[in-house]
Amino acid sequence: MKKTLVTLAVLLIAFAAAIFIIGRTFYPDNIAETSPDGGSKNLTTRFYQADPETVKNAVKEVIPTLSTYGGNWKTVGESDDKEIYSLKAEVPVVMFTDDLEVTVKRADNLHEIRVDAVSKSRVGQSDFGENARHVRKFLNALDEKLKQNRQ
């Protein structure tokens with residue numbers, strides 16, 4: 001019996017170490033964010049030809065319709081000044097919570113509205129690509145909502 005418990009403990013430790021090594025090798029960080037060129041995670045900033053209010057309202061409407069592992073995303077804060085609108089949301093991931101922030105502002109050319117998103121894990125050093133999946137899920141839903149306005 002003692003030999004079986006030791007064997008199970010060694011296997012469990014080896015499994016945890018393998019998960020850690022794989023996570024740190026293939027997913028070395030716990031943040032994902034959009035950029036105009038898409039960056040290393042291919043998360044491209046969105047540009048829409050619409051008025052700012054239409055895009056802000058679409059962002060507000062899309063967030064509560066999304067879910068991860070059975071838990072709905074929840075808006076936890078907003079700020080709105082004349083230049084930049086920001087929405088903060090919590091994204092449940094099993095027993096953890098990730099944070100998503102979306103910003104909406106006029107693009108440099110002033111004819112388009114720019115939308116950027118950042119998703120971060122609250123704990124850990126690797127997210128196994130989960131934050132990039134959050135950003136993609138949000139962007140796909142927003143693209144669908146604003147499909148006639150997408151550039």
Side-chain angles (χ1 to χ4, degrees), residues 12-151:
L12 183 61
I13 291 169
F15 177 74
I19 294 292
F20 177 77
I21 291 167
I22 290 168
R24 293 298 291 157
T25 301
F26 296 104
Y27 305 100
D29 59 9
N30 63 358
I31 183 171
E33 58 189 319
T34 57
S35 65
D37 69 355
S40 64
K41 296 178 182 170
N42 200 27
L43 300 170
T44 308
T45 297
R46 296 301 198 260
F47 294 92
Y48 299 98
Q49 289 198 348
D51 64 279
E53 287 302 313
T54 299
V55 178
K56 288 179 201 176
N57 290 334
V59 169
K60 290 180 193 179
E61 291 171 16
V62 162
I63 293 292
T65 67
L66 302 173
S67 66
T68 308
Y69 305 110
N72 291 335
W73 296 15
K74 176 173 70 171
T75 299
V76 293
E78 308 177 62
S79 66
D80 195 0
D81 64 28
K82 292 185 183 259
E83 301 298 318
I84 299 174
Y85 168 76
S86 177
L87 179 139
K88 295 182 183 204
E90 291 181 340
V91 180
V93 181
V94 188
M95 59 186 174
F96 302 105
T97 301
D98 292 339
D99 296 307
L100 178 79
E101 183 172 2
V102 179
T103 56
V104 176
K105 64 181 182 179
R106 284 210 179 271
D108 292 338
N109 66 16
L110 301 179
H111 298 292
E112 297 174 318
I113 303 302
R114 176 183 176 146
V115 177
D116 282 296
V118 178
S119 182
K120 299 178 187 178
S121 300
R122 291 183 181 175
V123 296
Q125 296 178 343
S126 176
D127 66 356
F128 294 95
E130 195 63 32
N131 286 299
R133 283 189 285 279
H134 301 330
V135 173
R136 280 189 197 96
K137 184 177 241 183
F138 165 72
L139 293 174
N140 290 338
L142 189 62
D143 286 346
E144 183 63 29
K145 182 103 177 139
L146 296 169
K147 61 184 162 194
Q148 70 275 6
N149 303 106
R150 175 97 194 276
Q151 270 303 316

Does atom NZ of K74 have more than 12 heavy-atom neighbours from other groups under 6.0 Å away? no

Please name the pair of heavy atoms, one in W73 and one in H134, separated by the smallest distance, quoted to 0.1 Å. CH2-O, 3.3 Å

Carefully, step by step, assess V59 and F138 under the rule side chain to side chain contact (heavy atoms under 4.5 Å, CB included). CA-CA 9 Å; V59 169; F138 165 72; 4.1 Å; yes

What closest approach, in Å, do P36 and T44 show between heavy atoms, and which atom pair accounts for it? O-CG2, 3.6 Å

Which is it for K60 and T75 under the side chain to side chain contact (heavy atoms under 4.5 Å, CB included) test, yes or no, and what are the steps along the way? CA-CA 8 Å; K60 290 180 193 179; T75 299; over 6 Å; no

In the structure I gave you, are the side-chain heavy atoms of T34 and R46 within less than 4.5 Å of one another anywhere? no

When you measure from the side chain of R133 to the backbone of F128, do you find a donor-acceptor pair of N or O atoms at a distance under 3.5 Å? yes

When you measure from the side chain of N57 to the backbone N and O of E53, does any donor-acceptor pair fall under 3.5 Å? yes

Within a reach of under 6.0 Å around NZ of K88, are more than 12 heavy atoms found that belong to other residues, nucleotides or ligands? no

Distance-minimising heavy-atom pair for A58 and L142: CB-CD1, 3.7 Å

To the closest 0.5 Å, what do you measure between CD (Q49) and CG (N109)? 8.0 Å

Between V135 and S119, what is the shortest heavy-atom contact and its length? CG2-CB, 3.8 Å

Pairwise side-chain contact, R106 with I113, heavy-atom cut-off 4.5 Å (strictly under): yes

One should read off an interatomic distance between K41 NZ and N131 CG, to the nearest 0.5 angstrom, of 7.0 Å

Between I63 and L100, does the side chain to side chain contact (heavy atoms under 4.5 Å, CB included) criterion hold? Intermediate values first, please. CA-CA 10 Å; I63 293 292; L100 178 79; 3.8 Å; yes

Work out which heavy atom in V55 is nearest to a heavy atom in A50; give both atom names and the distance. CG2-CB, 4.0 Å

Would you say that N30 contacts K120 through its side chain, given a criterion of any heavy-atom pair below 4.5 Å between the two side chains? no

Carboxylate-amine/guanidinium proximity below 4.0 Å for R122 and D99: yes

Evaluation steps, side chain to side chain contact (heavy atoms under 4.5 Å, CB included), between R136 and L43: CA-CA 7 Å; R136 280 189 197 96; L43 300 170; 3.6 Å; yes

Quick one: do E78 and K56 make a salt bridge, cutoff under 4.0 Å? no

Where L66 and A141 come nearest, the two heavy atoms and their spacing: CD2-CB, 3.8 Å

Return yes when atom CG of D81 has more than 12 non-hydrogen atoms of other residues, nucleotides or ligands closer than 6.0 Å, and no otherwise. yes

